[in-house]
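For reference, the structure is listed below as structure tokens.
The residues of the chain are indexed from 1 along the displayed sequence. From a predicted model like this one, the values you see are computed outputs, not experimental measurements.
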Amino acid sequence: MAYNKLHALPPAPAGVHYQDDEPLPDDEPLGHLPAAQTPSPPATNGGLVLKTECEFPALGRSASWDKFAVLVHAKAPADVARAPLDLVTVLDVSGSMQGQKVELLKKAMCFVIDQLGPDDRLSMVSFSGEAIRLTPLARMTDAGKGSAKLAVGYIVVRWTGTNISEGLRVGAQVLADRRYKNAVASMILLSDGGDTFKPKGPGQDLVPPLFRQAATRPAPIHTFGFGADNDAAAMHAIAEATGGTFSFIENQAAIQDSFAHCIGGLLSVAVQEARITVTCLHRGVRVQEVKSGCYASHVDADGRTASIQVGELYDDEERRFLVLVYVPRARPAESVTRLLKVTCAYRVAATGQAAHAAAPAAIIQRPLELTDGMAPPSMEVERERVRLDATQDIAAARVAADGGQHAGAARILESRLKAVEKSSATGACEALKEELQDLSARVGDRREYQQTGRARLLAGMSSHTQQRASASSSTTKAPRAYLTPKMEEMVETSRRQSRKRQHPDGQLKQIKLDLGD
């Protein structure tokens with residue numbers, strides 16, 4: 001098949017298959033990734049780093065403690081080789097995208113194409129009342145990029161409604177029918193409205209069946225609500241159900257930066273299939289609860305072991321979890337209590353090799369009596385507690401505002417902001433405080449909530465539950481939460497390109513702009 005030609009196909013009925021993806025460079029069949037049979041030794045340099053931190057460094061020997069917090073902190077390696085990506089973009093071209101919106105979308109897609117490498121593959125799907133696969137899943141060689149940009153140029157708005165479900169169905173079929181698979185796969189969905197072909201519902205009904213179960217899901221779906229009229233609840237539900245993030249593009253001109261943000265992560269996946277295991281060391285210690293957000297966790301019936309399914313991590317990305325344990329009284333001669341052993345099994349995304357990381361054992365001192373000179377409680381544990389409480393209140397504010405209780409929603413967020421400001425970890429929570437201030441201003445008024453507040457709340461919930469940066473356009477001055485260096489680099493690349501478009505002949509202006517950043 002000639003992949004240097006435009007492949008804009010007519011709408012495909014259900015049952016059509018897309019087994020025409022371009023072979024990978026090594027031309028190996030499905031399942032080509034190396035399957036390491038023997039885990040590598042614990043990573044000490046260049047691998048995932050695992051740490052623990054106890055709520056208090058010491059407890060008196062005569063004291064027991066219910067739900068004593070141990071922070072588990074995992075951080076992916078930085079500046080490592082990345083794995084190639086299979087990306088499907090599902091793009092709304094319904095009538096409401098007419099004019100500047102569709103032109104901005106085209107520029108953003110051309111930027112995405114430029115960032116992909118020759119081992120990455122891209123397929124584009126557009127939808128209005130029907131869905132059309134614009135290009136097959138093809139490698140982004142120079143010829144592949146040319147074909148993809150030609151297809152972008154031919155995108156036209158169609159006044160036939162908005163069928164998000166059909167767009168996702170076709171996009172899902174492209175991924176499901178692959179004969180070859182890159183190590184990383186993802187889908188991006190952008191829409192500026194709600195589905196006009198299905199009754200308004202919770203949004204999960206728009207998710208293709210193959211994507212509804214983690215065991216069969218070929219990729220997460222990262223959703224972008226474009227402008228004030230997008231169905232934020234449905235877009236959030238789609239992302240939540242598939243392990244993706246929901247982002248709200250309030251400023252239409254920020255679409256390219258938002259895509260850059262997402263692509264910066266997808267093109268820097270360092271760790272896959274990460275699974276953290278927690279094992280109690282002292283015979284009296286029991287795991288009571290794991291605070292893991294949207295990540296599946298399990299505590300054995302006897303409380304002696306627990307696990308967290310972390311999945312993928314981007315380059316230099318972090319995850320923090322609180323493990324709450326019961327700590328018994330110490331024996332008379334027991335000066336130290338060994339609480340937990342924490343390990344993580346994962347796969348190196350670039351090579352497929354199995355790897356293993358282990359944290360030093362979580363221990364606490366057990367003096368006969370605590371004195372005023374003992375070390376203070378952990379700031380990192382307090383910071384995570386603050387984040388979890390804020391996430392819970394953002395969700396509660398959403399429920400209140402959706403029920404018409406806008407003043408009550410604002411009070412929930414204002415109260416949480418005051419609690420954060422009083423916390424001992426307040427200095428490490430500047431971005432969270434600005435977010436709470438912004439959200440409380442958007443939920444108090446019904447009209448503002450419908451236009452931007454709901455989408456902002458849902459984007460915040462998506463980001464905090466996943467501990468992954470949302471690509472939402474931001475109005476805050478504080479550093480963005482969960483942002484990785486690779487995301488920042490890609491956004492800066494996008495902004496430089498935008499400045500060059502604005503001043504195509506002004507090289508001196510560009511240099512001055514770069515020096516001033």
Practice problem: Give the C-alpha distance, both sets of side-chain angles, the deciding distance and a yes or no for ring pair (Phe, Tyr, Trp, His ring centres under 6.0 Å) between Phe248 and Phe226. | Solution: CA-CA 6 Å; Phe248 173 44; Phe226 192 28; 9.8 Å; no
Quiz item: Going through the distances and angles, do Ser96 and Asp192 end up as a side chain to side chain donor-acceptor pair (under 3.5 Å)?
Solution: CA-CA 7 Å; Ser96 55; Asp192 71 337; 2.8 Å; yes
Practice problem: Could you go through the side chain to side chain donor-acceptor pair (under 3.5 Å) check for Glu448 and Thr452 one step at a time? | Solution: CA-CA 6 Å; Glu448 180 65 26; Thr452 68; 2.5 Å; yes
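No hydrogens or angles considered: nothing links the side chains of His298 and Ser307 as a donor-acceptor pair under 3.5 Å. Side chain to side chain, Ser128 and Glu130 meet the donor-acceptor criterion of an N or O pair below 3.5 Å. If you check the side chains of Arg501 and Gln497, you find a donor sitting under 3.5 Å from an acceptor. His261 and Gln256 are not linked by any side-chain donor-acceptor pair at a separation below 3.5 angstrom, with hydrogens and angles left out of the test.
Thr160 approaches Gly129 most closely through the heavy-atom pair OG1-N, 2.8 Å. Taking every heavy atom of both residues into account, Ser494 and Ala260 meet most closely at CB-CB, 3.7 Å.
Contact annotation: the side chain of Arg275 never approaches that of Ile308 to less than 4.5 Å [non-hydrogen atoms, C-beta and beyond]. Using a 4.5 Å cut-off on side-chain heavy atoms (C-beta onward), Pro136 and Tyr18 make no contact. Looking only at side-chain heavy atoms (C-beta outward), Ser126 and Arg158 come within less than 4.5 Å of each other. Annotation: side chain of Gln98 is in contact with side chain of Trp159 (closest heavy-atom distance under 4.5 Å). Annotation: side chain of Met187 is not in contact with side chain of Leu87 (no heavy-atom distance under 4.5 Å). Between His222 and Leu189, the closest side-chain pair of non-hydrogen atoms is not below 4.5 Å.
In this structure, the side-chain hydrogen bond (donor to acceptor under 3.5 Å, both in side chains) partners of Arg387, at least two apart in sequence or on a different chain, are Glu384, Tyr482. Residues satisfying the side-chain hydrogen bond (donor to acceptor under 3.5 Å, both in side chains) test with Asp92, not counting sequence neighbours, are Ser94, Ser191. With sequence neighbours excluded, no residue forms a side-chain hydrogen bond (donor to acceptor under 3.5 Å, both in side chains) with Lys107. Residues that satisfy the side-chain contact (heavy atoms from CB on, under 4.5 Å) test with Ala409, not counting sequence neighbours, are Ala397, Ala400, Ala401, Val443. Partners of Asp393 under the side-chain hydrogen bond (donor to acceptor under 3.5 Å, both in side chains) rule, at least two apart in sequence or in another chain, are Arg416.
Taking the charged nitrogens against the carboxylate oxygens, Asp438 and Lys433 have no contact shorter than 4.0 Å, which rules out a salt bridge. Salt-bridge check for Glu492 with Arg499: passed, with a basic side-chain N closer than 4.0 Å to an acidic carboxylate O. Using a 4.0 Å cut-off between a side-chain N of Lys or Arg and a carboxylate O of Asp or Glu, Lys149 and Asp114 qualify as a salt bridge. Using a 4.0 Å cut-off between a side-chain N of Lys or Arg and a carboxylate O of Asp or Glu, Asp389 and Arg385 do not qualify as a salt bridge. Contact check on Asp402 versus Arg454 returns a salt bridge, with a Lys/Arg side-chain nitrogen under 4.0 Å from an Asp/Glu carboxylate oxygen. Ionic pairing of Asp315 and Arg82 is not present here: no N-O contact between side-chain nitrogen and carboxylate oxygen is shorter than 4.0 angstrom. The residues Lys75 and Asp316 are annotated as salt-bridged, a charged nitrogen and a carboxylate oxygen being separated by less than 4.0 angstrom. A salt bridge links Asp86 with Arg121: the distance from a Lys NZ or Arg NE/NH1/NH2 to an Asp or Glu carboxylate oxygen falls below 4.0 Å.
Under the 6.0 Å distance and 45° angle rule, Arg319 does not count as a cation-pi partner of Tyr295.
Among the candidates Arg133, Arg178, Arg179, the single residue satisfying the salt bridge (charged side-chain N to carboxylate O under 4.0 Å, His left out) test with Asp20 is Arg133.
By the neighbour-count criterion of 12 heavy atoms within 6.0 Å, atom CD of Glu414 is densely surrounded, having more than that number from other residues, nucleotides or ligands.
Between the side chain of Ser440 and the main chain of Ala410, no donor-acceptor pair closer than 3.5 Å is present.
Counting only residues at least two apart or on different chains, no ring pair (Phe, Tyr, Trp, His ring centres under 6.0 Å) pair has a member in residues 105-141.
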